Amino acid sequence: MSLKLTEGAISVILAGGNVDEPVVQILGHKKLAGTNTGSDRFRLLISDGRHLNGFAMLATQLNNQVTSGELCDFTVVQITRYITSMVANSEKGERRVMVILDVKILASGNEVGFKLGNPKPMTDGAEAEAVGPQQAVHNKTVQPKPTANRPASNVSVLSSPGGSVNTHPISSLSPYQNKWVIKARVTAKSPVRTWANARGEGKLFSMDLIDETGEIRATAFKEQCDKFFDMIEVNKVYLISRCVLKTANKKFTNIKNDYEMTFTSDTQVIPCNEDTAGIPTLTFDFTPISALAGLESNAIVDVIGVCKSSGEVQTLISRNTNKELKKREVMIVDQSNTGVTLTLWGTQAEDFEGSTNPVLAAKNVRINEYGGGKSVSLLQSSVLQINPDTPQAHKLRGWFDSVGATQEQENISGRTGVAGSGFSANWMTLKEAQENQLGCGDKPDYFTSVATVLIVRSENSLYKACPTEDCNKKVIDQNNGMYRCEKCNREYPNFKYRLLLSVSLGDFSGNQWATCFQDTAEILLGVKAQDLGDLFHDDRQFQEVFHKAAFKTYIFRLRAKMENYQEENRLKVTVTEARSLGTMQEHNARLITEIKEMAGIGNSVPYGN
DNA sequence: CCCCCCCC
């Protein structure tokens, strides 16, 4: 193998010229740390044997080749793909930066072991020497300098005489300079969303942009939202300039960039229909479905799988917003021979057609844990592609048609715990539930306890509710034979009895007050709410029902949420299910399994499997 | 200037 470097390549490239697949030697690298993992960048010192270039940026997808040592000092590589771009530099105006997109290693650094040739740093003289026709062309397409008195709307930094523009890599954008134009593809676009809070109200949409060097999120508020929403289309390429850059809050995004852009009244967006092949489309970093089980809840991942089955659209009411939600759960499977439930929301759920077993590729889905199983759920910021035309999707299709369709997959979304009961894992004693900070997050936590009913409060346990189906609002007795429902805003001649029962539950570790609504209260009391209401006039019989309910033991499914009541945090617990303990044999079998798991004895499998 | 992303 020849180790001949492409002498003179660096001066041509830095002058704006093109050199096909130059061979260079790596003589050093420097890590430019980002603020989060995944946003680190490496700057390489490269030599063509004649000149050194200390401003060769490595595309982030090649970072692992530096960290693995593959691109260590003295390594000789062929640069198979690169771009250059002008970046502002405070001392020297602009400088051309080379971004290395792909390399082929020709000889490892250890193998070579020394510096080839006698490369010298590039000087302005050297650059001038290399100026050719290309450089002359590029000099003519430099953007006009913004001036204070120029009308902003009719002179565009994007309209240059030759029709071509110098564009800047997304990876070079920062709040410290605003004279840039990016050429970027929209990979995701949010719907318009409105907000209203203490600081005001408005509307916005946001989009994700990528080019060969990186990605960034951009948001358009209010007027800009109206102005650009219809124009911006997913998968199209645009020339974008004059946005404001600010530090991205990593809490709200998984875009790998320390900054994000905000559109301003000055912002220009021009569709770009030419030379867009070099601008990448959305890239995925798929996690095999089998690996999802080992990841933490709330982690954001990309997944790809074939839809093996899909459920019906379900309608539910959000506990937080009281808004109606539509969701559809589909089972996707992949070559790891594992399946996971993927949850679609809204119109995506309604429009979904699963009967043809489409391949689904989803970017930025969130891992959820429910009942010991893991599932993935689309978020507003997720991207779902159905039957994408990619090699990976075709391979998956081939696997599914030949093997996957007929084979049984392990389902990591299946719940552990008592088989077929709908009960889930997360067994806890009452004390553990109190000590494990359950319900301290945004969402309630669910747990399961075996506990005994100690006290059942009869006071205020029964109330007269609106007779309308689905309205359980307490009615006001008008004392004229009519009952008023404030929620329905009307009076009825009748009502129905509803239960809202406070019970103290106890186990060996402690006790906990909990609330039972209609269904669970009827189970604990052993009577229907209506029948209990009919007994109301007979206090002895009425109280007897409550006495009989005490000292019975159940498997309780409990929902826990920490609430602040009179400046004190207290755990509010609701009974969502109360089940018979079953036979002692069944109960003991579960306990024995738990003990084995705790002690690490044998190949114990979750109870019920 | 948003930052909600849902349910069992």
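Since the structure is predicted, the reported quantities are computational estimates derived from the model, not experimental observations. In the text below, chain A, chain B and the rest are named by the order of the sequence lines, each starting its count at 1.
Within residues 188-196 of chain A, the residues that have a heavy atom under 4.0 Å from DNA chain B are, in order of number, A:R193, A:W195.
Residue A:L344 contributes atom CG, which lies 13 Å from atom P of B:dC6 at whole-angstrom precision. When the P atom of B:dC3 is taken as reference, atom CG of A:L204 falls 7 Å away, rounded to whole Å. Taking atom CG on A:N364 and atom P on B:dC4, their separation rounds to 17 Å, with Å as the unit. The distance from atom CG of A:N298 to atom C1' of B:dC5 is 12 Å, rounded to the nearest whole Å. For A:Q380 and B:dC5, the CD to C1' distance is 7 Å, given to the nearest whole Å. The nearest whole Å value for the distance from the CD atom in A:E324 to the C1' atom in B:dC7 is 12 Å. Per the geometry, NZ belonging to A:K246 stands 12 Å off P belonging to B:dC3, to the nearest Å. Taking atom CG of residue A:D445 and atom C1' of nucleotide B:dC8, one finds them 14 Å apart after rounding to whole Å.
A:Y554 and A:F556 have tilted rings, their planes meeting at an angle from 30° to 60° on a 0 to 90° scale.
Annotation: A:W345 is not in aromatic contact with A:F352 [ring centroid separation under 6.0 Å not met].
Within 4.0 Å of A:K251, counting heavy atoms only, lies no atom of the nucleic acid at all. Using a 4.0 Å heavy-atom distance criterion, A:K326 is classed as making no nucleic acid contact.
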Check your understanding: Between A:K363 and A:D302, does a salt bridge (charged side-chain N to carboxylate O under 4.0 Å, His left out) hold up when you go through it step by step?
Key -> CA-CA 4 Å; A:K363 176 130 196 107; A:D302 301 347; 2.8 Å; yes

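The base of B:dC2 sits within donor-acceptor range of the side chain of A:E260, with an N or O pair under 3.5 Å. For B:dC6, its base never sits under 3.5 Å from the side chain of A:K327 at any donor and acceptor pair. For A:R217 against B:dC3, a side-chain-to-base donor-acceptor contact under 3.5 Å is present.
In this view, A:D285 satisfies the side chain to side chain donor-acceptor pair (under 3.5 Å) rule with no residue, not counting sequence neighbours. When the side chain to side chain donor-acceptor pair (under 3.5 Å) test is applied to A:E312, no partner is found at least two apart in sequence or on another chain.
Ranking B:dC1, B:dC2, B:dC5 by closeness to the A:R366 side chain, first place goes to B:dC5. Closest contact between the side chain of A:T262 and the listed nucleotides B:dC1, B:dC7, B:dC5 involves B:dC1.
Both tests hold for A:K189 against A:F229: distance to the six-membered ring centre under 6.0 Å, angle to the ring axis within 45°. A cation-pi arrangement is found for A:R457 relative to A:W513, the charged atom lying closer than 6.0 Å to the ring centre and inside a 45° cone about the ring normal.
With the nearest nucleotide of DNA chain B identified for both A:L378 and A:S375, A:L378 has the one nearer the 5' end.
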